[in-house]
Amino acid sequence: MTDLLDRLERYYDTVPRAAARAEGFGPLSLFVREGEGWPYYGRPALGWTGAAVTVADVDRVRARQRELGVPESFEWVAETTPALRAAVEGSGLHVHEHPLMVLDPTAPAVAAPATTARVVGADDPALAEALAVAYLSFGEPGTAIGTTGPDELAALTAQLTADGTADRTAGRIRDGLTVVAAAFGPDGTALGGGQHQLVGPVSELVGIGTLPSARRQGVGYAVTAALVADARARGVETVFLSAGDQDVARIYARLGFRPVGTALIAEPVA
């Protein structure tokens, strides 16, 4: 288990560096995005062997985040850096827990789900919609059928096209850093989407979500299955993810994922 968590730590330290620079704060690193896009976060410094992290260390990173105008957020694995939770809570941040899960390498290939999904390429006209549908899912969290539907999807798709988000993601796809998959309804409208982010033999499944009005149809399962199949076809040895909660974790368990730890996210109290 230690070797696996070490492998994930190296991944976490590497993946932001394709679009961000790392600023050091003793036991912590702050990834600062270069150019447009979603801002990164603070996390434990890889290979740090000095004193344990303190509230003062967290406060220094938060001050720098405020100076940069980015969210005051931290991400880490509880079992790898146990002292960080007390430090971020001492700084006044709230911690969210998420099951950290890794695909069992011996898990059989997933049987074709009732709802099918496919990989969406860099030049696919459905790319912006595949991104938008996942964003909308997180705007109305949970697993219950929601109200957000095609009208909101069309509006956000247009926004992600206009603001360059789709083009930036297309660039990452061409560079071999990101794979996007989506499930579509009979009329061709995206019902769910997600990504996996590759760093050598390791890839993380991220941003998997279903259009709230289309939940309870196996869409998220189908998208996850498509991403897992793609990762395996590329020779990825370690496929992992952070589930939103235990209910969602049970869905991933059906695909062969098993819990290995707890992913923690800290942010200011709303």
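In this chain, residues are counted from 1 in sequence order. Only this structure's heavy atoms are used, side chains among them; waters, hydrogens and symmetry mates stay out.
Counting only residues at least two apart or on different chains, the ring-ring contact (aromatic ring centres under 6.0 Å, His included) pairs with a member in residues 223-244 are Y11-F240, Y12-F240. Every pair passing salt bridge (Lys or Arg N to Asp or Glu O under 4.0 Å) that includes a residue from residues 167-181 is listed here, sequence neighbours excluded: D123-R174.
For the side-chain contact (heavy atoms from CB on, under 4.5 Å) criterion with F257, the lone passing option out of V102, I251, L241 is L241. Applying the side-chain contact (heavy atoms from CB on, under 4.5 Å) test between V179 and each of L198, I173, L205 identifies L198 as the sole match. Checking T210, T224, I208 one by one against V219, the side-chain contact (heavy atoms from CB on, under 4.5 Å) holds for a single residue, T210.
A salt bridge links R21 with E23; the closest basic N to acidic carboxylate O contact falls under 4.0 Å. Taking 4.0 Å as the cut-off between side-chain N and carboxylate O, E75 and R43 do not count as a salt-bridged pair. For D124 and R118, the salt-bridge test passes: some basic side-chain N is under 4.0 Å from an acidic carboxylate O. A salt bridge does not link E34 to R17: none of the charged nitrogens lies less than 4.0 Å from a carboxylate oxygen. Between D230 and R234 there is a salt bridge, since a side-chain N of the basic residue sits under 4.0 Å from a carboxylate O of the acidic one.
Side-chain contact between V77 and L264: absent, with no pair of heavy atoms (C-beta onward) separated by less than 4.5 Å. Contact of the P27 side chain with the P44 side chain is not registered, since no non-hydrogen atoms from C-beta on lie closer than 4.5 Å. Using a 4.5 Å cut-off on side-chain heavy atoms (C-beta onward), L5 and E79 make contact. Proximity of V95 to W76: side-chain heavy atoms (C-beta onward) are separated by under 4.5 Å at one or more points.
Heavy atoms only, all atoms of each residue included: A128 and L160 are closest at O-CD1, 4.1 Å.
Listed for the R64 side chain is no donor-acceptor partner under 3.5 Å among the backbone atoms of F25. The backbone N or O of T165 lies less than 3.5 Å from a partner atom in the side chain of T169, making a donor-acceptor pair.
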task: In sequence, state the C-alpha distance, the side-chain angles, and the governing distance for T178 and Q197, and then conclude on side chain to side chain donor-acceptor pair (under 3.5 Å).
output: CA-CA 5 Å; T178 296; Q197 315 277 7; 2.5 Å; yes
query: Going through the distances and angles, do Q65 and E67 end up as a side chain to side chain donor-acceptor pair (under 3.5 Å)?
result: CA-CA 5 Å; Q65 289 171 323; E67 180 183 348; over 6 Å; no
field: Derivation and outcome, side chain to side chain donor-acceptor pair (under 3.5 Å), residues D59 and S91
entry: CA-CA 6 Å; D59 287 344; S91 182; 2.5 Å; yes
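The CG atom of L103 lies 12.5 Å from the CD atom of E237; values are rounded to the nearest 0.5 Å.
Cluster annotation: V58 is connected to L68 through the hydrophobic network of ILVMFWY side chains, with a link wherever side-chain heavy atoms come within less than 4.5 Å. Clustering ILVMFWY residues whenever any of their side-chain heavy atoms sit less than 4.5 angstrom apart, transitively, puts V199 in the very cluster that holds L4.
Of the N and O atoms on the side chains of T148 and E140, at least one donor lies less than 3.5 Å from an acceptor on the other residue. No side-chain donor from either of E89 and H94 sits under 3.5 Å from a side-chain acceptor of the other.
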